[in-house]
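Worksheet: one structure, shown below.
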Amino acid sequence: MLRQAVILVGGLGTRLGERTKSVPKPMLEIGGRPFLDTLIDELARYHVFDEILLLAGHKADIVESHYAGAATGRAKILVSRETEPLGTGGALVHAREVLHDRFLLLNGDSLFDFNLLDLIARARGGRVHMALRDGVVGDRYGRVVLDGDIVRDFIAPGAGATGPVNAGIYVVDKTVLHEIETLPASLEQDVFPGLVKSGALRGTAYRGYFIDIGIPDDFARADRELRDKLRRPAVFFDRDGVLNHDSGYTFESHRLAWIEGAREAVKAVNDAGYFAFVITNQSGVARGYYEEHHVVALHRWMADQMALIGAHIDAFEYCPDHPDGSVARYCRVSDRRKPAPGMITDLAQRFPVDMTRSMVIGDKPSDIEAARAAGLPGHLFEGGNLETYVRERLIPAGHP
């Protein structure tokens, strides 16, 4: 399982003029907050990364002070600081000792809204597997020539070519650093051409919202639209009886049996551009059958199992309370326990959810009542293949 995400945040950003003389480009505010905060939050949604490594250069002290000792979700945030500009390839060489054998690499000045775990799941061959943005109009970006998923060539900007563009997101095998003999070095200019010749550079094209803040016009556009573009509809899944068979107070991974098509259903939600949430009553905690850390551990295991096929849950919410519980601190009425809508409304406050296009999928009347109380349609799953059931109800939420 790939556990490390690496973000390149060291460029000078000269095309943005005065803005980047005192602030690193990824730390500039877009939509009221540092752009890098948004990128990190997007990574944290996947619940598979244990570490997010920031490769800082220009004004690195600002990056270090902002993220010193920080963590998000299950990921700790680390900073590797260059003492001189080394280029995108050189930044990796400089951080060699802290890089994992395989890692996800992202440019810190662009955002591409697609299912990152699909790219990771596909990256089985080649030493670098690129995410490509399909359907880009105009000559600002160079184009990538694909033969299946093998990258055969790059066409320079302005040449009038069509085809997908490099979106600046890669699954990287650390052995590519052996190709870098002198510094500074650029991945795009000094490493990728050699990988093309050997057939070791792969790519997959995706659709989804893409923005690069590197030039003033796109910087202004991102500032206007990013917050709205990251607003997504959501599918709120009940857990026991929907994602896994309800065997009665499930809390051990070796006893969890997936519903047919459950992981694939979550991936379908991811690929359609929706948030995927779990909302589950866990009164077994209140009844003393297991503890909260058992629930958290099971959800982490479920996240890892989903990631193997490129699926993820954006947040697992659970309510451990029950008014008839035997454990005193959980023996209470809670507005988070279904049929109350608290878990749904809490998620809608924490995430930019488009509630007008969202839904709940459950297997009990209490799930449907919670949906109704939150103002959402509720769908009663009564068995069968969950992927088929979900696909019949999804409307793609993608961006042009």
Side-chain angles (χ1 to χ4, degrees), residues 4-17 19-28 35-36 39 52-64 67 78-112 126-133 140-144 151 153-158 165-198 200-203 212-215 218-219:
Q4 184 185 52
V6 180
I7 308 178
L8 294 162
V9 298
L12 295 174
T14 54
R15 292 179 297 176
L16 292 178
R19 290 187 182 95
T20 53
K21 285 190 175 180
S22 58
V23 179
K25 181 169 47 174
M27 294 297 294
L28 292 171
F35 186 67
L36 187 53
L39 293 184
I52 299 172
L53 175 64
L54 308 177
L55 304 187
H58 174 60
K59 299 295 180 182
D61 56 313
I62 294 176
V63 177
E64 288 180 322
Y67 295 105
L78 304 176
V79 180
S80 172
R81 179 175 184 169
E82 295 175 353
T83 56
E84 58 181 327
L86 297 173
T88 53
L92 294 175
V93 171
H94 181 263
R96 183 196 301 268
E97 296 305 315
V98 291
L99 291 175
H100 292 191
D101 290 341
R102 289 178 77 247
F103 54 91
L104 183 72
L105 179 66
L106 307 91
N107 287 342
D109 59 358
S110 61
L111 181 144
F112 188 15
R127 296 164 69 194
V128 174
H129 200 115
M130 313 170 65
L132 309 174
R133 173 56 162 91
R140 177 185 167 191
Y141 300 98
R143 305 289 169 157
V144 179
V151 177
D153 200 3
F154 294 97
I155 300 175
V165 305
N166 181 359
I169 300 176
Y170 319 97
V171 176
V172 179
D173 188 315
K174 186 177 175 180
T175 61
V176 300
L177 301 187
H178 300 156
E179 311 298 322
I180 300 174
E181 297 179 352
T182 60
L183 299 179
S186 162
L187 281 177
E188 296 80 2
Q189 302 299 321
D190 300 319
V191 177
F192 289 174
L195 297 180
V196 168
K197 289 181 180 178
S198 65
L201 184 61
R202 307 295 175 89
D212 178 340
I213 65 169
I215 64 174
D218 283 349
F219 181 92

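Note: hydrogens, waters and symmetry copies are ignored here, and every other heavy atom, side chains too, is used.
- Residues forming a side chain to side chain contact (heavy atoms under 4.5 Å, CB included) with Arg19 (at least two apart in sequence, or on another chain): Leu16, Leu28, Pro216, Phe219.
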**Message:** Please determine whether side chain to side chain contact (heavy atoms under 4.5 Å, CB included) holds for the pair Val63 and Met27, giving the CA-CA distance in whole Å, both sets of side-chain angles, and the decisive distance to 0.1 Å.
**Reply:** CA-CA 7 Å; Val63 177; Met27 294 297 294; 4.0 Å; yes
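- Across all their heavy atoms, Pro184 and Pro85 have their closest contact at CB-O, 4.0 Å.
- Heavy atoms from other residues, nucleotides or ligands lying under 6.0 Å from CD of Gln189 number 12 at most.
- Here Phe103 pairs with nothing under the ring pair (Phe, Tyr, Trp, His ring centres under 6.0 Å) rule; sequence neighbours left out.
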**Request:** Given side chain to side chain contact (heavy atoms under 4.5 Å, CB included), test Leu195 with Val176 step by step and report yes or no.
**Result:** CA-CA 9 Å; Leu195 297 180; Val176 300; 4.2 Å; yes
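- Leu55 has its side chain within reach of Leu92: a pair of non-hydrogen atoms, C-beta onward, lies under 4.5 Å apart.
- Residues His94 and Leu183 have side chains not in contact (no heavy-atom distance under 4.5 Å, counting atoms from C-beta outward).
- Nearest approach of Ser110 to Ala167, heavy atoms of both residues: OG-O, 3.8 Å.
- Scanning all heavy atoms of the two residues, the minimum distance from Val151 to Gly203 falls at CG2-N, 4.0 Å.
- You'll find the side chain of Ile213 stays beyond 4.5 Å of the side chain of Asp218, heavy atoms only.
- With sequence neighbours excluded, no residue forms a side chain to side chain donor-acceptor pair (under 3.5 Å) with Thr14.
- The two residues Val23 and Lys59 come nearest to each other via the heavy atoms N-CG, 4.3 Å.
- For the pair Leu8 and Leu105, the minimum side-chain heavy-atom distance is below 4.5 Å.
- For the pair Ile180 and Val191, the minimum side-chain heavy-atom distance is below 4.5 Å.
- Once rounded to the nearest 0.5 Å, the distance linking CG of Leu177 with CZ of Arg127 reads 9.0 Å.
- In this structure the side chain of Glu64 never reaches within 4.5 angstrom of the side chain of Leu54, judged on heavy atoms.
- For the atom pair NE2 (His129) and CG (Leu104), the distance works out to 11.5 Å, reported to the nearest 0.5 Å.
- Remark: side-chain polar atoms of Gln4 are paired, donor with acceptor, to backbone N or O of Val98 under 3.5 angstrom.
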**Request:** Assess whether side chain to side chain contact (heavy atoms under 4.5 Å, CB included) is satisfied between Val93 and Leu86, documenting all intermediate values.
**Result:** CA-CA 9 Å; Val93 171; Leu86 297 173; over 6 Å; no
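- Between Val79 and Ala56, the closest heavy-atom pair is CG1-CB, 4.0 Å.
- The distance from atom CG of Asp173 to atom CG of Asp101, rounded to the nearest 0.5 Å, is 7.5 Å.
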**Message:** As a quick check of understanding, evaluate side chain to side chain contact (heavy atoms under 4.5 Å, CB included) for Val172 and Leu99, giving each step before the final call.
**Reply:** CA-CA 10 Å; Val172 179; Leu99 291 175; over 6 Å; no
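- Here the side chain of Lys25 pairs no donor or acceptor atom with the backbone of Thr20 at under 3.5 angstrom.
- Here the closest heavy-atom approach between residue Glu188 and residue Pro193 is recorded as O-CD, 3.4 Å.
- Here the straight-line distance linking atom CG of Leu132 with atom CG of Asn166 works out to 6.5 Å at 0.5 Å rounding.
- Counting heavy atoms from C-beta on, the side chains of Ile52 and Tyr67 never come closer than 4.5 Å.
- Note: Phe192 and Tyr170 have perpendicular aromatic rings, judged against thresholds of 30 and 60 degrees for the angle between ring planes.
- You'll find the side chain of Phe35 reaches within 4.5 Å of the side chain of Leu111, heavy atoms only.
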